[in-house]
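Residue numbering restarts at 1 for every chain, and letters A, B, ... go by the order of the sequence lines.
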Amino acid sequence: MKQYIPPKYRYPLFFIGLMTMIITAIAYKFVFIPEVIIEVVVIVGFVLFVSSFTF
Amino acid sequence: MKELTINIFRMDPAVDNAGKYKKFNVPVQEGMVVLDAVRYVQENIDPSLALRWNCKAARCGSCSAEINGRPRLMCKTRVDMLEEEITVSPIRAYPLIKDLVTDVSNNYEIERRIPAFRPKKGAAQPFLINQIDVTRSQEFRRCIECFLCQDVCHVIREHNTNYIGPRHAIKVASLDMHPMDGIDRSPMLNGDLGLGFCNITKCCQEVCPEGIKITDNAIIPEKERAVDYKYDPILRLARRLRRGSSAK
Amino acid sequence: MAIKTLLNSMIPSELLEPNWRLLSFIVLLISGIGVLMLYPMSEFHGYVDPFYAPTVLVVPIAGLFRLTCYAYRKDYHRHVFNHPNACGINIRGDSMTRDYSGETKFFRVENLHRYFLYAGILILPFFYYDFYISLIYSGSFVLRLGSLLLLLNAVALTLWAASCHALRHLIGGRTDCYGCAFAGSQRKSLFNWQSILNGHHEFFAWFSLLTIIFVDLYLRGLAAGMPIDLNLSKLL
Amino acid sequence: MKTENSKVNGIQKKYETVSSDVLIIGAGGAGLRAAIEAFDNEASVVVVSKSLLGKAHTVMAEGGIAASVANVDSKDNWKVHFSDTIVEGVYIGNWRMAEIMTKEAPDRVYELERYGALFDRTPDGKIMQRAFGAHTYRRLCHVGDKTGLELIRTLEDQILHRDVNVMDEVFITKLFIKNNSVSGALGIRLRTGEIILFRTKTVILCTGGAGRLYKVTSNSWESTGDGIALAYNAGAELMDMEMIQFHPTGMVYPPGVKGLLVTEGIRGEGGILLNAKGERFMLRYSPEKKELDARDVVARAIHSEIEAGRGTEHNAVYLDISQKGAKFIHQKLPGMYSQFMDFAGVDITKQPMEVAPTVHYQMGGIRVDPETCRTNIKGLFAAGEVASGLHGANRLGGNSLADILVFGKRAGLAAAIYSSKTALSSISTEEISKEIARINSFANKKKGLNPQTIIKVIGETMSEKVGIVRDGKDLGLALTKIQALRKKAKNVGVSGSLKFNPGLLSCLEVEGMLTTAEAIIRSAIARKESRGAHTRKDFPKKDPKFKKNILSYKNGNSMKLKMVSVPSMPDRLKQLVKLEVY
């Protein structure tokens, strides 16, 4: 498959994607954040995570 | 006439301290491959340009080079697939002889160390072999020894280990998977021949001009065979028990 | 002194190098597990979260199955350790000055992949069981979108496990002469068939990771009250 | 190995000396097989080759090894194979060579299998055989379409596990002859530019053919006829040099791959030939066998169509297999599909291919003794494409691989035996110095003539005037042209040192190419008939007067020709072969 993302950015995307979701989750436990924002941020994180795939 | 620009690596280690890229302009023909361009330079502009090529049909594996930073066969790389400016370097994993030619002779030394085919004891001759048993080994016998996989392999290129490299790993696999072969080379491959240094990053498989699945079909199966005799505790125990009972 | 040599032969330089990729990866793993613990969510309206099938305690086993998988090995040796990051000669991030031990020292544990495969195969039926449970949880048969997603996840995991290189070796990778073996041609066709799956192992590996995280998020979304479930039985 | 000095133009020049019983020039199938045999018979062996070990032109062989092992067609035996070989060689082939080859080929195939080659199999586990043009039965033992590669790899493996001194990328410039026997050779190691003197009791020439004399050829870079020129200059006799096989189907477009082989398998699987008007012209030339007639017939038919103006814009005809459907093509001809896709961007499952004849093989070469491959010079042997006699006027597909294995082995054995009975002879330092001076004279020449300009003209002359259909007048013109080039070739030279200098190598090759070309043209002029691969427009018929072999040899500074009659077959063999008709 043609790779559109330069290889050196794959891991950073993978990391940022998953970490975004995790940090949001942790933050939600301790700080009040509107649910809509949580949802949007998690979706963004998920998309970043998927975009790092190599297959 | 349309022209292309090609940068060719020039260096004679006996004379120069460092190599440099020399720029040439070459008229473009339809369907031109990089080898055509380099040969044009060699034949018409500078006959002393050192270059290896034989068949020009991707069958002999002589014209290996790094084209725009990627190991490829010059005779199989069409110029219209590349960007306007082409850069050709020798395969740098090997000591440079001159310009685009490197010394690949240590590959023959490695092949001397791999035990040759020896028929199983008691195999009737001529051999009777099922067609289903030849296909696996035959895949590796397509290898044209262009050594692009050796060149791209970071273990060979950047690290000093005893690993023999993908080309020779598939040589071992092609002998091991020969249905009439009587030697198991996987302990040797995993030991002295350094297969453990391969971390299956699959660059060899990506650059193979013959499309041989080097990692999936040769290296990983050989690694699994090494697991059988070395890392699998249950199999080791089973072997010890069997040996113990047969000793009685 | 002896201990030092022993450690030297066991601990690869890859783990000792100052490498932000490795450190961040460890942080990611730990915090990931932490979050799963922080928000336990074993069941919602008959849906069992795939991370908890059958129990969250198997997550480390599944994790090790993934970490020793040949497909992920390629990816973390490339993208975490940069050995090499890419095949291109100029962009690979590997160099002669870096020490390297490949899969010789600590990483020999990767050779235990087949045991994690055995464990993984034992866990697989639970995913199908959870799919079944989700169908009948209301007392009668109801097909909802979530059930389909659970099934998708189970199938993805099955394909990933079925295309495994260690399984390929067990099926027939170790056999050189099928003509000499019992039921040779049948076993060879099984091997060929598995080899086709095996060709897509990397895809299945990543796709199954994607589905398991997606289904987990989806179920958490449901639990948080997002209106994203559909009763497909009613539509039909 | 030791280093000696010689004085060249007052300057001390160093050279290495390598001594051996047997020196094998060429590391193709014949050379490697000879090396194995000579080594196993207790000779010390040195193999030199112009390119890297394992890259020889043998790797290009696709079809298979013709051997009557009768695994598929049980009626097959050496007698049928013998008859096919003699008839297809139009009765000027050497009967004894054909007998030896057909009898021993099965053993060589099984031996190759014991060495580790892995052939395709029949359903009952024996070696698979495929049909090929003009073979009565299915006879070609094969490994997909990579038989030559498997053969080379297998022999290479055997060589590497024996104590054989392989010196690759060494070009031999001269053979030293003393009292009509071999005393050594001088070569240059391309990698370093060092000069090497080989002291040896015997030399086996396995240098292959001379396809690169032509502009359009399926041959590798190495096939420049070096061995033929070496032997000729040493005083050996050449035979049947006019017999050049044209393969009917070579690629035409794009220009970079012009001449590249399109396998006979395409026609075997049902491909049809069409001219630019879309007419299936083989129906006119060969109503019975159509596209699957012998190579010379199909090649001539394509040639006539193009000559008559019914060719395509690239002077070719169409070969179409698209009617067979994509699935069939992907399964049976994957190599050809990717060859056309990669190089020409032509999808052969949808479009026709453009093809035209291409130079493929040289039947003629050094005249050898059938039993031992010995030439008329003591200690000089030849095997493989560089030798002549076996194929007569036309070669059967698959016989070339059988040839190199059978006669490679015989040459190796004979050389080992001969060398055990002889001692190394000395080589005069004067001769060595003269040759070293000659090599050096080409290098570091700022105003030298680029050798490629001459090679280009040789290619054009040979392709245009000594092609498939020849004509007395054209051949005369070609000879004049070659002789003129010979004068011009004295000025060739390149800049740069001796070290890996392809230009220098071309300088060294040019003279040999001219010699080989001259032998081809002179023999073609002398054969005033059309027989097998040799077709004369002015003598379109076969002529009993010319049931002869044409020898060419060096006499002083000029080339002499001699007609000798074909050795007559003993009665036991005569009855196997149908009578020749005129």
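Using a 4.5 Å heavy-atom threshold, the side chains of C:Trp20 and A:Pro12 count as touching. You'll find the side chain of C:Leu209 reaches within 4.5 Å of the side chain of A:Phe49, heavy atoms only.
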Yes or no on side-chain contact (heavy atoms from CB on, under 4.5 Å) for C:Phe214 and A:Val50, after CA distance, side-chain angles and deciding distance? CA-CA 10 Å; C:Phe214 178 75; A:Val50 172; over 6 Å; no
Walk me through whether A:Phe15 and C:Phe25 qualify under side-chain contact (heavy atoms from CB on, under 4.5 Å). CA-CA 7 Å; A:Phe15 176 76; C:Phe25 187 66; over 6 Å; no
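Contact annotation for residues 28-40 of chain C against chain A (heavy-atom separation below 4.5 Å, listed by residue number): C:Leu28, C:Ser31, C:Gly32, C:Val35, C:Leu38, C:Tyr39. Using a 4.5 Å heavy-atom cut-off against chain C, the contacting residues of residues 18-31 of chain A are A:Leu18, A:Met19, A:Met21, A:Ile22, A:Ala25, A:Ile26, A:Tyr28, A:Lys29.
Atom-to-atom distance recorded for A:Leu13:CG and C:His79:NE2 is 11.0 Å, nearest 0.5 angstrom.
Surrounding OH of C:Tyr115 are more than 12 heavy atoms belonging to other residues, nucleotides or ligands, all under 6.0 Å away. Within 6.0 Å of the OH atom in C:Tyr118, the count of heavy atoms belonging to other residues, nucleotides or ligands exceeds 12.
Side chain of A:Tyr11 to backbone of C:Arg78: no donor-acceptor contact under 3.5 angstrom is found.
Here the closest heavy-atom approach between residue C:Leu210 and residue A:Phe46 is recorded as O-CZ, 4.0 Å.
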